[in-house]
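Chain naming here is simple, since letters A, B, ... match the order of the sequence lines and numbering starts at 1 in each.
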Amino acid sequence: MRYSEFGLTTLKEVPAEAEIVSHQLMLRAGLVRRLASGLFTWMPLGLRVLRKVENVVREEMDRAGALELLMPAVQPAELWQESGRWDEYGPLLLRMLDRHEREYCFGPTHEEVITDIARRELRSYKQLPINFYQVQTKFRDEIRPRFGVMRSREFIMKDAYSFDLDEDGMRIAYQKMHAAYTAIFERLGLRFRVVDADSGEIGGSRSQEFHVLADSGEDAIAYCDADDYASNIEMAATEVPAGERPAPSAEMQKIETPGARTIEALREFIGITAEQTLKTLIVEGEDQPVALVLRGDHELNAVKAQKIPGVATPLTMADAPTVRQVTGCEPGYAGPIGLEVPVYFDHATADMADFVVGANEADTHFTGVNFGRDIEEPETVDLRNVVAGDPTPGGSGTLSIARGIEVGHIFQLGAKYSTAMGASVLDSDGKERKLQMGCYGIGVTRIVGAAIEQNHDERGIIWPEPLTPFNVVLVPINMHRSEIVREAAESLYADLQQQGLQVLLDDRDARPGVKFADAELIGIPHRLVVSERNLANGEFEYQHRRDTESRNLKREEALNLLKEHAIN
RNA sequence: CGGGGCAUGGCGCAGUCUGGUAGCGCAUCUGCUUUGGGAGCAGAGGGUCGGCGGUUCGAAUCCGUCUGCCCCGACCA
């Protein structure tokens, strides 16, 4: 491709709308342009990257035996009513009416459609196992689209659905997809981790997420290098502390703590650490509010809290009037002593002694509080987020915390949809069996953003080889004044293409600095400079995007070096 | 949806408080010079100042209202 014919415009300045690096670079390098909130046009340069991702995904899915099909983006409401999700899915689902006022939605996912296909097409166990997939545009009316292509409303997803006769079969299909996903992200050259996950809205039992590691990631993941443990922090379990609880050494005292409404304020006021305090959170319950008690420095985990019997879903903090009604005082001084509502203590509180709690009285706390003496001995539950240094479940190591971008998610669905929608086959005994399903998603567009988050420097993008829009960029110096340079550049351009490489020839009549800056911004991994200076020795200057120095190569050396990077 | 902010040429911004000729940098176009790290000089084009309504002799500027976008929270590939 000749730069002069590629219609690419790059930006020197960062558009104000872009917050994170990948979004900024995608706009500056001309990969995407925004149409409206959460809607993007993929410009020619960006589309080349997107297609590379799709191709890797397709190849590995095909290799795993999955069959590509293409379902409609627009889906009739009836299917969603059958599965019960028409009402469950809420405002995330973009709904519309056709001219006959029939209800439709723009598909955010395709379990309903594929289950409908399955119940029509699959009659016999002999047709199983089978796995269908598609690469397709989805729409989810996100509450807050952000980070460019990473959380857009319209996006491209590869979604796959497996069908098996029994649960063992489903688990095999799931393992196959686990392996295929691992192969995909390895081939794409991304650093990633597979973590245990909450199955959320989609439903089902087992589920795991594939996260590209990046500091800007929206998810926190807990992992341990000593064993293979890795979990989304939402799901990472904590246990009752192993150690003995120290014996009480202080008497319980009621003290004045004017204005100390937060753990931080309380900590400063009394001169203790947050680990010596308990915080009591009042949340909405199913029929009455519930108190959740955590160590002062710990954070409540919403997913875990919602699983506590009697706690309302979604987790909602009680408003001030409710807190007043439960504790008898202003928010900020709640404590577990004397509460009439159900109280749950986190595991980590079990080995605490001589701690500080709110007194359910304005500007007042208790110090020197102890279980078994001042409060009833608690039955503890898992309520908090794990933190770095916590023991791994199983106890073979300690946890570290990293941030990740969720690019893939695999689920064992079981018979949820096949039961709701009546999808079954006859087994070898002629008996009707509900199909066991799995579903598997990859955020194709999100991968592009995630790859940039993980691969960039202050000058721009650094594409991993499997994703790059061009393998090599040719930068002729003074091509428009030097016939020698022009001829050498043109002939090299032709030969590199002949080798199967995707080549960008920067044939603009621009100064070298401009060409270097753009080549680095758009992140082409290999660069060859063509100049009179080096042509005198029959050489070209080669530099990899990650190199700090260039080196001179003879023409044949350059062709050979790049040959192995030719797209296959 | 709750909280905060912004809206002025393609992009980044000033001007708004204190009403009076719409401005700067980048980008674009032309010419000349320059040519190994986002060049210099000279010139040019391009803006109903987000929309509607109001106040005023006069509104980018003051008032009202609507819309769009961004950031913080719940959600997710």
Side-chain angles (χ1 to χ4, degrees), chain A residues 9-20 23-24 27-28 30 33-39 53 57 89-93 108-110 135-160 181 197-202 209-212 217-219 232 234 302-303 306 313-317 319 404-411 439-450 459-460 475-482 485 508-521 527 529-534 541 543 550:
Chain A
T9 47
T10 59
L11 303 173
K12 246 192 244 186
E13 279 165 306
V14 181
E17 71 191 54
E19 177 81 356
I20 60 170
H23 189 196
Q24 294 175 348
L27 292 172
R28 286 190 54 209
R33 293 290 180 239
R34 189 183 62 83
L35 174 66
S37 178
L39 302 176
V53 177
V57 169
Y89 221 85
L92 205 59
L93 189 62
T109 178
H110 280 68
V135 176
Q136 204 226 22
T137 298
K138 308 282 194 235
F139 191 97
R140 294 183 187 175
D141 201 356
E142 294 284 346
I143 301 165
R144 185 151 90 83
R146 69 189 126 161
F147 302 150
V149 123
M150 299 262 256
R151 181 181 294 285
S152 50
R153 294 193 293 174
E154 189 176 298
F155 61 100
I156 296 173
M157 179 160 114
K158 187 287 301 172
D159 46 328
Y181 275 35
D198 183 38
S199 46
E201 187 91 45
I202 307 267
E209 294 166 345
F210 288 70
H211 283 261
V212 166
E218 289 192 81
D219 286 281
N232 193 305
E234 293 176 343
V303 171
Q306 283 167 18
T313 302
L315 181 74
T316 314
M317 299 305 291
D319 56 14
I405 300 162
E406 184 189 348
V407 289
H409 200 159
I410 56 179
F411 300 82
C439 78
Y440 318 93
I442 287 183
V444 174
T445 37
R446 183 179 280 182
I447 285 175
V448 178
R459 296 178 175 201
V475 181
I477 309 287
N478 293 327
M479 179 184 184
H480 291 260
R481 296 190 315 148
S482 165
V485 169
R508 291 176 294 173
D509 183 12
R511 296 166 63 87
V514 174
K515 296 186 179 185
F516 291 144
D518 277 334
E520 283 156 359
L521 175 61
R527 183 181 80 190
V529 177
V530 184
S531 65
E532 280 193 341
R533 187 155 89 190
N534 291 316
E541 179 185 317
Q543 187 168 347
S550 64

Which whole-number value in Å describes the distance from [X] [atom1] to [N] [atom2]?
X        : N     : atom1 : atom2 : answer
A:Gln543 : B:G37 : CD    : P     : 13 Å
A:Leu27  : B:C26 : CG    : P     : 22 Å
A:Glu209 : B:A77 : CD    : C1'   : 10 Å
A:Glu218 : B:C76 : CD    : P     : 12 Å
A:Arg511 : B:U35 : CZ    : C1'   : 5 Å
A:Glu13  : B:C24 : CD    : P     : 16 Å
A:Leu11  : B:C26 : CG    : P     : 15 Å
A:Arg508 : B:G37 : CZ    : C1'   : 13 Å

With a 4.0 Å cut-off on heavy atoms, is [X] in touch with a base, just the backbone sugar-phosphate, or nothing at all?
X        : value
A:Arg33  : nothing
A:Arg153 : nothing
A:Ser550 : nothing

For atom [atom1], what is the distance between [N] and [M], given to the nearest Å?
N     : M     : atom1 : answer
B:G20 : B:G15 : P     : 14 Å
B:G54 : B:C11 : P     : 31 Å
B:A42 : B:C6  : P     : 37 Å
B:U65 : B:G4  : P     : 16 Å
B:G47 : B:U21 : C1'   : 15 Å
B:U28 : B:U67 : P     : 38 Å
B:A59 : B:G50 : P     : 15 Å
B:C63 : B:C1  : P     : 26 Å

| With centres under 5.5 Å and planes under 30°, do A:Phe516 and B:G38 count as stacked? | no

Once you apply the 3.5 Å cut-off to both distances, tell me the Watson-Crick or G-U wobble partner of [N], or none.
N     : result
B:G36 : none
B:C17 : none
B:C75 : none
B:G25 : B:C11
B:C6  : B:G68
B:G46 : none
B:C62 : B:G54

| query | Minimum heavy-atom separation for A:Ser152 to A:Glu142, with atom names? | reply |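 Nearest heavy atoms, A:Ser152 then A:Glu142: O-CG, 4.0 Å.
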
| Taking for each residue the nucleotide of RNA chain B bearing the nearest heavy atom, is the 5' side occupied by A:Met157 or by A:Thr10? |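 Taking each residue's closest nucleotide, the earlier one in sequence belongs to A:Thr10.
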
| said: Main chain of A:Leu39, side chain of A:Arg153: is a donor-acceptor contact present, judged purely on distance under 3.5 Å? | reply: no

| What residue among A:Asn534, A:Ile477, A:Val530 forms side-chain contact (heavy atoms from CB on, under 4.5 Å) with A:Glu541? |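 Output: one option passes, namely A:Asn534.
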
| Can you list the steps and then say if A:Glu17 with A:Arg146 is a side chain to side chain contact (heavy atoms under 4.5 Å, CB included)? | CA-CA 10 Å; A:Glu17 71 191 54; A:Arg146 69 189 126 161; over 6 Å; no

| message | Checking A:Lys138 against A:Glu154 for the salt bridge (Lys or Arg N to Asp or Glu O under 4.0 Å) test, could you report, in this order, the C-alpha distance in whole Å, the side-chain angles of both residues, the deciding distance, and whether it holds? | response | CA-CA 6 Å; A:Lys138 308 282 194 235; A:Glu154 189 176 298; over 6 Å; no

